[in-house]
Amino acid sequence: MSIIKAVASQEAYLRHKGEYINVAFTIKDVPHVLRLENNYIKNNNEYRNIKIGELLQTIGSNTSNEEAVDLGGIDINALKCGPKLYKYLDEWAAIQNISNGTIRFKEPSKWEDGFEKMFYQADFSQIISSDCAKYTPRFNACCFTYQHETYAAWKMYRSNWNKTKGRVVCFEINEKKLLLELSKYAVEEDSTIYQGYMDYRIEDVDLKELYKKGSKYHDIFFKDFSLLNYLSLMLLKRNAFSYEQETRFFVIPNNKIVNEVLDIPISLKHIVNRIILGPNYTNKKMNEFIKHCRNHGLDCDIVISELSQECQRVIMIES
């Protein structure tokens, strides 16, 4: 009986582990970029419309966490289009990106949310006896969202008031083209890039206690610890932020020192479909921003968000 219980317990453990710990999948013709996915993301209807269809089809189900699954004949260039990603920035940061032709990635130690960088700054010595850098490397990261537009996003990025007076910019980006640009950088700079979806399921109280032995999710994340366990921890975010629907990219250099910021050269003209300006933009400020974009070769459509557009004060109900 005890053997049966042990087997059942192990099966339950592996099942729950697969719900939270990601596996890395290769993408054909996109070297050095791996897609992270767990069973929850793969099976949840909420995410089905934001995946790159064929790219996320998997082969084999017994792959260990240390391996990457090869998707074989799937060719990114054969896909007609990728989903749209959105990157919100205060106006000053957006102008810097456009001027320099870069997108900024930050080390987690510079993130504002203490919960998100909690495990990046943690001491893993009790569960990793050696080669800690292999399993908990330093890296730079950047988040994008699949959420087209929310009023909360426009509010959240208004922090740089002195330089921008609360003006916020949103880049609408072709995800497939972004993957190709990041792959080019990773090859040239001998780095590995992982992309994973943020996980908002764990409650605040459990997230605070996660590091303690005996806590609800401790064994799931810290037993048989690997790099993918570590990256899965770095994809945890409080439920209060679930509206963001973010995806996060990690840039892990193979033989380089990681600095607090990393500006990756990327052809914005190639990846940006259009630019949406925050609801508080005036026509004057819009024209100034458009001029800056055109001066730097960015000729995509630029529009002002209509979220705050007023309706008529008096309306006539039609019969």
Under 4.5 Å between side-chain heavy atoms, hopping through other hydrophobics if needed: is there a path connecting [X] to [Y]?
{"X": "Val272", "Y": "Trp92", "answer": "no"}
{"X": "Phe105", "Y": "Val187", "answer": "no"}
{"X": "Val258", "Y": "Ile264", "answer": "no"}

Restricting to non-hydrogen atoms, name the atom on [X] and the atom on [Y] that form the minimum distance, rounded to 0.1 Å.
{"X": "Ile266", "Y": "Ile103", "answer": "CD1-CD1, 4.0 Å"}
{"X": "Phe119", "Y": "Phe124", "answer": "O-CE1, 3.2 Å"}
{"X": "Asn259", "Y": "Asn140", "answer": "O-ND2, 2.9 Å"}
{"X": "Lys208", "Y": "Tyr211", "answer": "O-CE2, 3.2 Å"}
{"X": "Phe25", "Y": "Glu37", "answer": "CE1-CB, 3.6 Å"}
{"X": "Val303", "Y": "Met286", "answer": "CA-CE, 4.0 Å"}

Keeping [X] on the side-chain end and [Y] on the backbone end, is there a donor-acceptor pair under 3.5 Å?
{"X": "Asp190", "Y": "Asn254", "value": "no"}
{"X": "Thr192", "Y": "Ile252", "value": "no"}
{"X": "Ser232", "Y": "Ile21", "value": "no"}
{"X": "Tyr20", "Y": "Phe221", "value": "no"}
{"X": "Arg248", "Y": "Met234", "value": "yes"}
{"X": "Lys17", "Y": "Ile220", "value": "yes"}
{"X": "Lys110", "Y": "Glu260", "value": "no"}

From [X] atom [atom1] to [Y] atom [atom2], the distance as rounded to the nearest 0.5 Å:
{"X": "Phe250", "Y": "Arg138", "atom1": "CZ", "atom2": "CZ", "answer": "15.5 Å"}
{"X": "Arg274", "Y": "Cys170", "atom1": "CZ", "atom2": "SG", "answer": "8.5 Å"}
{"X": "Asn287", "Y": "Phe289", "atom1": "CG", "atom2": "CZ", "answer": "12.0 Å"}
{"X": "Phe225", "Y": "Cys132", "atom1": "CZ", "atom2": "SG", "answer": "8.0 Å"}
{"X": "Ile290", "Y": "Ile302", "atom1": "CD1", "atom2": "CD1", "answer": "5.0 Å"}
{"X": "Lys84", "Y": "Glu172", "atom1": "NZ", "atom2": "CD", "answer": "4.5 Å"}

Decide side chain to side chain contact (heavy atoms under 4.5 Å, CB included) for Ser191 and Lys256; before the verdict, give the C-alpha distance in whole Å, the side-chain angles of both, and the deciding distance to 0.1 Å.
CA-CA 9 Å; Ser191 299; Lys256 265 188 181 179; 5.7 Å; no

Between [X] and [Y], is there a side-chain N and carboxylate O pair less than 4.0 Å apart?
{"X": "Lys285", "Y": "Glu288", "answer": "yes"}
{"X": "Glu209", "Y": "Lys212", "answer": "yes"}
{"X": "Lys216", "Y": "Glu203", "answer": "no"}

For Gln126, does the CD atom sit with more than 12 other heavy atoms under 6.0 Å from it, leaving out its own atoms?
no

Counting only heavy atoms not in Lys184, do more than 12 sit closer than 6.0 Å to its NZ atom?
no

Are the side chains of [Y] and [X] in contact, using a 4.5 Å heavy-atom criterion?
{"X": "Tyr88", "Y": "Met156", "answer": "no"}
{"X": "Leu34", "Y": "Thr26", "answer": "yes"}
{"X": "Thr150", "Y": "Tyr86", "answer": "no"}
{"X": "Phe139", "Y": "Ile193", "answer": "no"}
{"X": "Ile41", "Y": "Asp199", "answer": "no"}
{"X": "Asn174", "Y": "Asn273", "answer": "yes"}
{"X": "Leu233", "Y": "Tyr217", "answer": "no"}
{"X": "Pro108", "Y": "Glu116", "answer": "no"}

Between Ser226 and Asn229, is any side-chain donor less than 3.5 angstrom from a side-chain acceptor?
yes

What verdict does the side chain to side chain contact (heavy atoms under 4.5 Å, CB included) test give for Tyr157 and Glu91, after you've listed the backbone C-alpha separation in whole Å, the side-chain angles of each residue and the deciding distance to 0.1 Å?
CA-CA 9 Å; Tyr157 286 86; Glu91 184 190 59; over 6 Å; no

What verdict does the side-chain hydrogen bond (donor to acceptor under 3.5 Å, both in side chains) test give for Thr247 and Gln195, after you've listed the backbone C-alpha separation in whole Å, the side-chain angles of each residue and the deciding distance to 0.1 Å?
CA-CA 7 Å; Thr247 183; Gln195 180 195 6; 3.0 Å; yes

Cation over ring face, Lys87 and Phe144, 6.0 Å, 45°:
yes

Go through the steps for Asp206 and Ser215 under the test side chain to side chain contact (heavy atoms under 4.5 Å, CB included), then give the verdict.
CA-CA 7 Å; Asp206 293 319; Ser215 62; over 6 Å; no

Could you give all pairs that pass the side-chain hydrogen bond (donor to acceptor under 3.5 Å, both in side chains) test and reach residues 93-103, with sequence neighbours left out?
Ser99-His292

For Glu149, give me all partners under side-chain hydrogen bond (donor to acceptor under 3.5 Å, both in side chains), at least two apart in sequence or on another chain.
Trp154, Ser305

Would Leu182 and Val30 satisfy side chain to side chain contact (heavy atoms under 4.5 Å, CB included), going step by step from the backbone distance to the final call?
CA-CA 9 Å; Leu182 291 175; Val30 189; over 6 Å; no

